[in-house]
Colleague: 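Below are the structure tokens for one structure; questions will follow.
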Amino acid sequence: MSERIGVLIAVLSSSFGGTAGAVTRYVVGVIDPVTIAAFRFGIGVIVLLPIALAIRSPLPRGRDWLGVSCLGVMFFALFFVFYNIALSYTTTARGALALSTLPLWTMVVASLLGAEPLTARKTAGVLIAVGGVALALLAGLAAAPAGAWRGDLIMVGATLCMAFYNVWSRPFIARSSPLGFVTASMGCGAACLVAIAGLRGGFAVTQSFAAAQWIAVIYLGVFGGAAAFFLWVLALQKTTPTRVANTMTVNPIAASLLAAVIVDEPVGWNLVVGLVAVGAGIWLASTVAPRAKKEQGRSPARISNTS
């Protein structure tokens, strides 16, 4: 039951992340990418910090603050600025489809850094998913906005950045707590973003905000920032990281549905095919072959117990 609840929480988190992509696409023509990220994570920290303090969630200590600060700037500042830039070129659905390959890139990065072996089955899953996404994006390029391929490539590069964050953050989370780590790293990234946006006069745009823009930035902060990441770490406490990461396939679905409503983006057959390829690749890479399962079941300890 706990495993199923964890997966459901992760699905909700990925849904918030996907809808945040559609909302970002809605405001990206009015607000610059740095200021969008500053709103999203500035509000996110304002929501998360009181919760972390109220439940006394352990924060990073000592020299860990240097690593947590660097990771926070890399992810919540650098990654999401490029994420927002990507969505200024490409559609929400295409960007979310590229982002949905995150679990696979995380496997590759973990293998390169020696954190997790990359088996033949995992390699096949990566190739299937990435190949499917590439074909889907190329097939729909004619119907995409001019220069959409630039946004697609930027999103892939940003996804690789997020994969490194996932692997490098694990020891810091273990020495503090998931909520404490997310609050601290998001706070460092948000402080950097707010400072840059303030120096560039990015917040001056609020003088011309209508109700729709205020609703959008508040949604990004509360749901796309605080709720999405809090639910993500909560899911990690209840089920395995692989099962949580696999819910990223929900991201393009939520993004496409909301974008079709608020920015009139069409959902083409090529994106559906790409999503199927991503799902198949993630399933292949994150599961064990039947033969391997059988061999695991016939471990020496099991054989000796039954002899």
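Values reported hereafter were calculated over all heavy atoms of this structure, with side chains retained and with hydrogens, waters and symmetry mates removed.
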Colleague: Are Thr19 and Tyr219 close enough that a side-chain donor and a side-chain acceptor fall under 3.5 Å?
Modeller: yes

Colleague: Taking all atoms of both residues into account, what is the closest heavy-atom pair of Phe229 and Gly225, and its distance?
Modeller: CD1-O, 3.0 Å

Colleague: Which is it for Val28 and Ile36 under the side-chain contact (heavy atoms from CB on, under 4.5 Å) test, yes or no, and what are the steps along the way?
Modeller: CA-CA 8 Å; Val28 77; Ile36 293 173; 4.1 Å; yes

Colleague: Can you list every salt bridge (charged side-chain N to carboxylate O under 4.0 Å, His left out) pair that touches residues 180-201, not counting sequence neighbours?
Modeller: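 Listed once each, the pairs would be none.
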
Colleague: Could you pull out the closest heavy-atom pair between Arg150 and Tyr89, with the gap in Å?
Modeller: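 In this case the closest contact between Arg150 and Tyr89 is CD-CE2, 4.2 Å.
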
Colleague: Under the criterion side-chain contact (heavy atoms from CB on, under 4.5 Å), I'd like the reasoning laid out for Thr183 against Phe230: C-alpha separation, chi angles, the key distance, then a yes or no.
Modeller: CA-CA 9 Å; Thr183 302; Phe230 175 73; over 6 Å; no

Colleague: State, to 0.1 Å, how close Pro60 and Val68 come at their nearest heavy-atom pair, and which atoms those are.
Modeller: CG-CG2, 3.7 Å

Colleague: Kindly compute the distance separating SG (Cys70) from CZ (Phe75), expressed to the nearest 0.5 Å.
Modeller: 15.5 Å

Colleague: Say you draw a straight line from CH2 of Trp168 to CE of Met74; how long is it, rounded to the nearest 0.5 Å?
Modeller: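 One gets 6.0 Å once the value is rounded to the nearest 0.5 Å.
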
Colleague: What salt bridge (charged side-chain N to carboxylate O under 4.0 Å, His left out) pairs are there with at least one residue in residues 68-92, not counting sequence neighbours?
Modeller: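 Matches after skipping sequence neighbours: none remain.
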
Colleague: Please list all pairs passing the ring-ring contact (aromatic ring centres under 6.0 Å, His included) test where one or both residues lie in residues 29-51, with sequence neighbours left out.
Modeller: Phe39-Phe203, Phe41-Phe76, Phe41-Phe80

Colleague: Side-chain heavy atoms under 4.5 angstrom apart, residues restricted to Ile, Leu, Val, Met, Phe, Trp, Tyr: same cluster for Val261 and Val27?
Modeller: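 Same cluster.
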
Colleague: Do other residues, nucleotides or ligands put more than 12 heavy atoms under 6.0 Å from Tyr165 OH?
Modeller: yes

Colleague: Among all residues two or more places apart in sequence or in another chain, which pass the side chain to side chain donor-acceptor pair (under 3.5 Å) test with Ser57?
Modeller: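 Ser57: side chain to side chain donor-acceptor pair (under 3.5 Å) contacts with Ser177.
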
Colleague: Taking Ala20's backbone N and O only, do any of them form a donor-acceptor pair with Thr24's side chain (distance below 3.5 Å, no angle check)?
Modeller: yes

Colleague: List in chain and number order the residues that pass salt bridge (Lys or Arg N to Asp or Glu O under 4.0 Å) with Arg175, two or more places apart in sequence or in another chain; answer none if no residue qualifies.
Modeller: Asp64

Colleague: Check side chain to side chain contact (heavy atoms under 4.5 Å, CB included) between Ser69 and all other residues, then give those that pass, not counting sequence neighbours.
Modeller: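 For Ser69 the side chain to side chain contact (heavy atoms under 4.5 Å, CB included) partners, ignoring immediate neighbours, are Trp65, Cys188.
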
Colleague: Counting only heavy atoms from other residues, nucleotides and ligands, does the tally under 6.0 Å from CG of Leu66 exceed 12?
Modeller: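 Counting neighbours around CG of Leu66, 12 or fewer heavy atoms of other residues, nucleotides or ligands fall under 6.0 Å, so no.
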
Colleague: Name all residues meeting the side chain to side chain contact (heavy atoms under 4.5 Å, CB included) criterion together with Val222; count only those two or more places apart in sequence or in a different chain, and write none if there are none.
Modeller: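 In terms of side chain to side chain contact (heavy atoms under 4.5 Å, CB included), with neighbours along the sequence ignored, Val222 is linked to Ile43, Val47, Ile218.
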
Colleague: Report the residues that fulfil side chain to side chain contact (heavy atoms under 4.5 Å, CB included) with Ala158, sequence neighbours left out, ordered by chain and then residue number.
Modeller: Phe79, Phe82

Colleague: To the nearest 0.5 angstrom, please state how far the OG1 atom of Thr90 sits from the CG atom of Leu153.
Modeller: 10.0 Å

Colleague: Ignoring hydrogens and geometry, is there a side-chain-to-backbone donor-acceptor pair from Thr35 to Ile31 under 3.5 Å?
Modeller: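 Side chain of Thr35 to backbone of Ile31, a donor-acceptor pair under 3.5 Å: no, none is there.
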
Colleague: Would you name the heavy atoms of Ala52 and Leu179 that are closest together and state the gap between them?
Modeller: CA-CD2, 4.0 Å

Colleague: What residues form a ring-ring contact (aromatic ring centres under 6.0 Å, His included) with Tyr26, not counting sequence neighbours?
Modeller: none

Colleague: Would Trp232 and Leu59 show up in the same hydrophobic cluster when neighbours are defined by side-chain heavy atoms closer than 4.5 Å?
Modeller: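 Each belongs to a different hydrophobic cluster.
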
Colleague: Go through the structure and list residues passing ring-ring contact (aromatic ring centres under 6.0 Å, His included) with Trp214, not counting sequence neighbours.
Modeller: Phe209

Colleague: Taking all non-hydrogen atoms of both residues into account, name the closest pair between Met155 and Gly95 and its distance.
Modeller: CG-O, 3.4 Å

Colleague: Please answer: with hydrophobic residues joined when any side-chain heavy atoms are less than 4.5 Å apart, are Val81 and Leu199 in the same cluster?
Modeller: no

Colleague: Kindly compute the distance separating CG (Leu71) from CD1 (Ile173), expressed to the nearest 0.5 Å.
Modeller: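 Spacing of CG (Leu71) from CD1 (Ile173) equals 9.0 Å.
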
Colleague: For residues Ala38 and Ala197, report the shortest heavy-atom separation together with the two atoms involved.
Modeller: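 Answer, listing the atom of Ala38 first, then Ala197: CB-CB, 4.1 Å.
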
Colleague: With Ala228, which residues qualify under side chain to side chain contact (heavy atoms under 4.5 Å, CB included), at least two apart?
Modeller: Ser13, Phe16

Colleague: Going from CG on Leu231 to CD1 on Ile9, what distance comes out if it is rounded to the nearest 0.5 angstrom?
Modeller: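 These two atoms lie 7.0 Å from each other.
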
Colleague: Applying a strict under-4.5 Å side-chain criterion to I, L, V, M, F, W and Y, I'd like to know whether Met186 and Val73 cluster together.
Modeller: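 No, separate clusters.
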
Colleague: Kindly work out whether a path of hydrophobic side-chain contacts (I/L/V/M/F/W/Y, heavy atoms less than 4.5 Å apart) joins Val217 to Val30.
Modeller: yes

Colleague: Measure the spacing between CG of Leu12 and CG of Leu8 and express it to the nearest 0.5 Å.
Modeller: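 These two atoms lie 9.0 Å from each other.
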
Colleague: Tell me, which pairs form a salt bridge (charged side-chain N to carboxylate O under 4.0 Å, His left out) where one or both residues lie in residues 23-44, sequence neighbours left out?
Modeller: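 Qualifying pairs, neighbours excluded: Arg25-Glu265.
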
Colleague: Treating Ser14 as the side-chain partner and Val11 as the backbone partner, does any N or O pair qualify as donor plus acceptor under 3.5 Å?
Modeller: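 Judged by distance alone, no pair lies under 3.5 Å.
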
